[in-house]
Amino acid sequence: DRSSGPRVSDTELRVYKDPSKDELPLLPEELVQDSAKDVTYICPFIGPVRGSLTVTNYRLFFRCTDREPVFGLDLPLGGLSRVEKIGAASSRGDVSYGVVCKDMRNLRFVHKEPEDSLKKSVFEVLMKFAFPVSNNMSLFAFEYKQVFPENGWKVYDPLAEYKRQGLPNESWRISKVNDHYELCDSYPATLFVPVTITDEELRRVSSFRAKGRIPVLSWIHPESQAAVVRASQTMVGQNGRRCKEDEKLLQAIMDANAQSHKLFIFDARPSVNAAANKMKGGGFESEDAYQNAELVFLDIHNIHVMRESLRKLKDVVYPNIEESHWLSNLESTHWLEHIKLILAGALRIADKVESGKTSVVVHCSDGWDRTPQLTSLALIMLDSHYRTIRGFQILLEKEWLSFGHRFQQRVGHGDKNHTDADRSPIFLQFIDCVWQMTRQFPAAFEFNEYFLITILDHLYSCLFGTFLCNSEQQRLKEEVPKRTVSLWSFVNSQLEEFVNPLYVHYPSHVLFPTVGIRHLQLWVSYYIRWNPRMRPQEPVHQRYKELLAKRAELQKRVEELQREAANRMASSSSERAGSPTRSITPVQTFV
Amino acid sequence: MLSLGSGGAKSTKPSFVSYVTPEEIKSEKDPPKQEKHPDLLPGEVEFCSANPILKYTQDDLSQRGVFGTLFCTNFRVTFISDEKPQEKTDKTFKNKLYGENDIPLMCVDHIYGVYDEKRKLITGGLVKNKYPSKMIIHCKDLRVFQFSLTFSKEEDAKKIFQGIAHHCLEEKSLKCVFAFSYMGTPSPEMQWKQETVMFDSPEDWTQEMKRTKANCRLVTENENFELSQRLPKYFVIPLTIGDLFSYQGKGLPIWCWSHYSGCALFKASFPPVTQEDGDFQKHLDTMINAVAHNHLYSVKTEDLSESLPNIQDIQQSYNKFKQFFLIENSTDFWLSDVKWFSSLESSGWLDIIRQCLQKAVEVVECLEKDNTNVLITEEEGTDLCCVISSLAQIMLDPYYRTLMGFQSLVQKEWVAGCHAFLDRCNHLHQKDKEYHSPVFLLFLECVWQLVHQHSPAFQFSETYLTVLSDSVHVPVFSTFLFNSSHHRESVMKAESPLAQSGPLSCPTVWDWSVQFDSKAQNFFFNPLYLEKVKHDRAVRKPHKPKHQRNLSLPSTAFKTPPKKGFFKDETDSLKKMLRVKRLSRWRGSPDAPAATTREFFESWQHRPLDYHGLLLPCLDGPAVHIWMQRYLRWIPEVYILGGGSVAVMTKLMELLSQVQDLKRVLEQRDSSQAAKLDHRPYFQHRLLSFDSSGRLSSSFPFAYTCYRSFKPIIPTGLMQSLMVTDSLASQEDEASSVVSFV
């Protein structure tokens with residue numbers, strides 16, 4: 001049942017079928033912390049509504065009492081980015097509170113200040129539980145103990161995944177050099193490197209790559225053996241430092257693929273920024289030092305630009321959309337242009353690997369933001385496995401979680417410091433790119449839009465442990481897999497909710513999306529989902545499901561008849577008449 | 001590739017030549033060539049030709065092309081490749097009248113000549129001078145052709161260029177239109193005619209009044225156009241109008257459609273009234289009163305020329321808009337991609353679509369919620385009146401969302417309703433630009449928005465709309481050739497001696513078999529269409545479904561509190577009331593109607609969606625889209641191989657045909673003895689047999705992707721695309737090094 005499960009509501013105002021049921025559907029270990037009556041919620045779409053507000057250690061729950069039908073507002077506290085009092089108390093003693101959410105909405109409540117000044121307002125309680133990390137408390141994910149039929153922590157087994165790719169093989173080996181995260185604390189324990197490179201050489205390379213993030217294998221083409229390799233920037237600096245082990249490693253990566261005598265290095269950054277990094281000791285591979293390598297800059301901007309772009313987008317879509325300038329406003333956010341650049345970058349990588357049969361190395365500065373965006377999108381284009389529900393989970397576990405995308409920093413779980421410059425919607429942007437691809441290839445993905453939205457909702461909800469911490473090492477240290485539930489436990493226990501009925505599995509298909517802005521759309525059902533006028537519709541899926549059911553039903557009936565007739569024929573085969581068997585040639589008409 | 005080529009001619013010259021200088025080509029030894037000619041349609045005459053002409057292949061990013069012969073006939077410009085016709089690519093969606101290398105003369109929009117690397121728009125003056133080295137043709141269906149003239153003999157090149165320019169650009173008389181020479185055999189089974197109501201007989205109108213339970217009067221006095229040449233041959237007016245002959249029918253309210261509540265929609269031509277012209281003003285007031293009398297003495301009038309853009313605005317906006325899709329090369333494409341949204345916005349085209357839909361919703365609101373008669377007016381009464389009244393009817397009446405219903409609607413409001421197709425489409429290349437305007441296309445655009453938003457409510461597909469928008473420029477059909485019923489009749493009568501047996505009969509566009517075989521016509525049907533469940537099978541109704549009274553929401557449930565109840569009080573002074581009504585809403589501030597229709601939309605949205613009931617569009621910015629199929633279908637840069645909505649639609653069509661096959665099998669079983677069994681697999685027969693890999697291009701069925709170039713389209717010029725100049729761009733990813741960041 002959806003309503004009792006940890007489902008984040010997909011419309012702002014959930015209508016309750018049975019208003020007499022007053023109680024709040026609590027999750028295991030969820031406790032009511034405080035509640036207040038006579039709170040007014042200033043809904044930007046239908047105006048002020050009065051009701052009661054409840055704060056638990058997991059959610060904020062507003063229940064309207066003065067409207068028919070009764071509806072509620074139910075959101076996990078993890079989705080809150082900022083809670084603040086707006087202005088001073090009015091003459092009637094009303095205080096206004098603003099709640100800024102990570103999921104593209106702002107809420108406003110008006111509440112009477114308690115007369116007893118010693119009693120805490122429900123909003124003070126809210127602030128405490130919305131930001132547990134800042135208040136030295138643990139996130140709700142560590143309390144929540146629901147048991148699901150499947151254990152999502154077992155979804156990703158690195159060895160099994162690399163085995164699926166045919167690894168290890170004669171050119172690539174597992175290295176145990178990072179078994180205890182000594183080489184690089186933001187990398188996974190399991191690394192695949194060329195067989196010709198020793199662990200000692202890898203250690204030398206790690207001092208030449210930012211944060212020790214050495215070039216390691218992400219994916220290998222099953223036929224051409226062209227590899228996708230990820231890394232961080234080289235520490236070239238202003239003096240043009242070189243590292244012969246690093247040069248050897250890249251040569252070895254190239255040699256591992258017999259099909260090509262070239263290696264492409266994709267630097268995700270704009271060349272200006274990459275050059276500026278030399279001032280701070282970083283930089284990029286010079287083509288002198290790395291022979292046979294070609295360096296390409298992909299012009300993707302940094303986390304700050306992306307954060308600002310999303311902020312502008314929120315201004316444009318929430319709460320009201322300015323009709324007459326909608327398109328130019330949308331353009332001024334640059335959000336879709338960033339999406340285009342990321343997709344274009346991934347497309348170029350996939351093209352080099354698939355059409356050029358060339359191995360590629362992808363990096364940005366640290367290799368944990370733009371790099372996973374690019375590698376995982378390229379992998380989705382290249383490998384149909386990652387377009388299945390489980391394959392996509394593996395992709396996220398591998399490219400994002402094990403390779404240390406800094407989820408804690410980028411999302412700021414439970415942290416009240418909402419101006420933290422480390423926050424950035426990098427992962428959201430990646431999911432948006434995936435959504436763009438699902439729009440362009442509606443039958444190529446096993447999962448539906450609801451799957452992507454669910455992932456994003458639980459990126460913020462702090463209900464599951466999946467997106468907590470910054471690296472594999474930290475997650476192990478915090479015993480996240482032991483102490484929390486995985487999002488995939490929840491998802492894989494009710495897969496039918498997330499399945500795209502149009503999906504056809506074509507194992508060998510490579511997808512090359514069109515990256516022109518003309519074919520990119522704003523993801524309305526995510527960014528503008530709170531606006532009741534933008535009600536999502538999926539008639540195609542519905543109709544398809546209906547037809548599938550109908551076909552199954554008819555097929556069954558035909559088979560029954562066939563069986564019946566076959567029996568009859570068997571019993572009367574002796575007296576078979578010479579009537580010509582009429583073939584079935586249906587007329588071409590539509591119903 | 002080309003189906004019209006006569007074939008057989010063998011050429012040793014490579015068909016795909018990289019674009020090198022003419023000298024290099026010339027130096028090659030020319031093999032003896034067999035002359036090729038296009039397969040002419042009955043009545044088609046060849047004017048001139050030139051060979052060799054290089055046609056640049058659009059689906060190739062490099063400047064490459066195909067050599068062949070360029071012809072100009074009285075129907076089209078056509079290019080026949082020297083290349084041996086490739087092994088037949090099985091085209092499921094082939095137009096029988098013109099192929100991918102044919103441009104009907106009427107379809108030519110602009111011709112550009114490249115003179116010494118400079119591109120110039122060809123007008124009369126330039127034709128007489130030098131011929132250009134390269135000729136670029138922009139078509140009204142948004143195809144772009146580029147021909148190099150430098151390889152053929154000078155006089156040939158000159159002749160073909162001048163011929164094409166002359167026949168495509170010069171003003172001509174209606175008789176020169178190919179339709180008058182076309183001798184196509186009329187399709188034997190006039191299936192279209194049985195179901196599309198043509199509204200060219202009193203019976204059709206009577207039937208329509210009966211269907212909608214209208215209480216109006218059919219006018220037959222204009223049968224010989226004695227009343228007015230601008231009025232339809234037959235039309236319907238409010239019962240109370242007695243005097244038809246004053247002012248030549250100007251201001252006469254013409255009935256469009258009746259709501260089940262009894263109120264109705266009327267349109268009229270209201271010329272601007274000067275202050276001195278008191279009598280005429282009185283006449284108009286009488287007319288408005290007559291409309292009010294139709295139902296409960298209430299009427300709302302709306303002067304569309306005041307509240308909507310005029311036809312010149314529409315023309316200008318569309319001219320800007322279409323430029324974004326007439327892409328000549330890849331560089332242009334990626335350059336225009338950068339400022340895509342603001343360019344779109346500056347054209348204003350989507351905004352005009354939105355305004356028209358908005359106005360139609362307002363009309364619908366009056367009829368559905370307030371049960372008030374509506375009279376929409378403009379000077380001619382045959383442009384925006386047609387757009388708004390047709391849209392309102394589509395929103396209100398599910399019959400018009402079926403294919404036959406839609407065609408009947410176009411007949412009723414546009415063809416019989418005297419929309420000046422000839423002038424508006426500029427079929428005769430008149431220099432006077434004042435009358436040109438893509439009003440009918442605007443209507444189709446609005447319908448597309450509805451189809452896009454509420455697909456299951458429509459029996460026809462977007463492909464149907466795209467084909468219909470193309471067919472306007474195919475000079476074979478009588479449908480879009482005339483300015484009024486009178487014009488049609490007089491021309492047809494005058495032309496009749498040519499065809500010896502009776503009056504001249506051009507096919508109507510609804511005879512789709514002229515353009516497509518039945519297999520291709522399957523693409524006109526929307527596989528998502530949710531058919532109305534028939535409750536009683538025994539009472540099988542013929543093609544025309546009865547006006548569904550109970551389909552839209554019951555008006556009582558939909559009504560706001562009866563604050564306007566006084567309308568029912570018939571003792572009120574009608575005049576006073578009318579004044580109030582006329583001034584009431586639409587003359588207010590421009591934002592006011594948007595606010596109330598917004599409410600109307602929201603209350604509609606809160607009810608369960610009934611695809612056979614009232615249908616309203618969402619008009620917020622993000623909900624209004626571009627008709628991708630029509631506008632992007634020829635641009636290879638946006639083809640998605642194996643993707644696009646076609647991937648879903650073809651799957652749906654396949655599934656639907658399987659379901660139908662199964663049903664048929666069952667029916668046969670039921671009727672005949674079950675013993676007659678056929679053990680073949682049931683899905684042998686497919687409606688459409690696609691490549692099993694499912695890799696069609698997203699612009700299918702219009703453009704086929706060449707499988708040889710299965711490569712992604714890598715954008716160029718990305719560097720210029722995003723100039724983030726603020727300080728954020730230069731910041732480091734690690735915030736620790738950022739000193740003070742707010």
Side-chain angles (χ1 to χ4, degrees), chain A residues 299 301-305 308 321 323 326-328 330-331 334 337 341 344 347-348 351 355 365-366 369 419 421-422 440-443 502 504 512 514-519 522 524 528 533 535 539-540 543-544 547 550-551 554-555 557-558 561 564-565 568-569 581-584 586 588 590-591, chain B residues 337 340-342 344-345 455-456 518-519 522 525 528 531 605 618 620-622 632 637-638 640 642-643 647-648 651-652 655-656 658-666 669 674-678 682 685 687 693-694 711-715 718-719 721-722 724 728-731 733 735 738 741-742:
Chain A
D299 301 317
H301 282 283
N302 65 25
I303 60 166
H304 312 292
V305 174
E308 181 60 13
I321 298 158
E323 212 131 283
W326 158 246
L327 290 172
S328 51
L330 178 63
E331 185 173 280
H334 297 298
E337 278 172 81
L341 280 166
L347 184 66
R348 291 172 78 168
D351 177 42
S355 322
S365 296
D366 292 314
D369 291 311
T419 57
D422 265 330
Q440 294 193 15
F441 301 96
L502 299 167
V504 188
F512 288 136
T514 293
V515 300
I517 280 276
R518 290 162 172 85
H519 261 317
L522 184 72
V524 170
I528 322 186
R533 293 169 63 80
R535 193 197 272 172
V540 180
R543 176 86 170 125
Y544 198 78
L547 282 173
K550 189 138 202 181
R551 184 180 67 178
L554 290 170
Q555 237 162 353
R557 270 170 58 196
V558 167
L561 272 172
E564 204 179 291
R568 217 181 299 167
M569 258 198 340
T581 19
R582 259 181 59 228
S583 62
I584 302 151
Q588 305 246 336
F590 264 82
V591 177
Chain B
D337 206 49
W340 176 243
F341 291 116
S342 48
L344 270 188
E345 189 174 286
S455 202
S518 62
K519 212 170 183 183
N522 283 332
F525 291 87
L528 283 173
E531 251 197 306
Q605 200 192 23
C618 175
D620 291 56
L632 296 182
E637 280 79 6
V638 292
I640 312 167
V648 177
K651 275 199 78 178
L652 272 169
L655 194 53
L656 196 64
Q658 289 173 8
V659 167
Q660 281 160 17
D661 285 359
L662 281 169
K663 269 190 191 156
R664 224 167 278 122
V665 170
L666 282 174
R669 289 289 141 78
K676 284 187 192 163
L677 254 203
D678 187 87
Y682 295 107
H685 175 84
L687 196 66
S693 66
K711 281 211 68 171
I713 316 285
I714 307 282
L718 280 174
M719 276 303 276
S721 74
L722 193 60
V724 180
L728 289 174
S730 51
Q731 270 181 34
D733 280 358
V738 181
F741 180 81
V742 190

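First the proteins, then the strands, lettered A, B, ... as listed; each starts at 1. Everything quoted here is computed from the prediction, not taken from an experiment.
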Legend entry - chain B contact via A:Ile517 - which portion, at a heavy-atom distance below 4.5 Å: both

Legend entry - Euclidean distance, A:Thr514 OG1 relative to B:Ile640 CD1, rounded to 0.5 Å: 4.5 Å

Inset, instruction - State, to 0.1 Å, how close A:Glu323 and B:Asp620 come at their nearest heavy-atom pair, and which atoms those are. - result: OE1-CA, 3.4 Å

Legend entry - Heavy-atom pair with the smallest gap, counting every atom of B:Gln605 and A:Arg533: NE2-O, 3.2 Å

Inset, instruction - Test B:Pro622 against every option in A:Leu522, A:Leu327, A:Leu330, A:Ile321 by the side-chain contact (heavy atoms from CB on, under 4.5 Å) rule and name the one that passes. - result: A:Ile321

Inset, instruction - Looking only at non-hydrogen atoms, find the nearest pair between B:Ser342 and A:Ser328 and report the distance. - result: CB-CB, 4.3 Å

Legend entry - CD on A:Glu337 to CH2 on B:Trp340, rounded to 0.5 Å: 13.5 Å

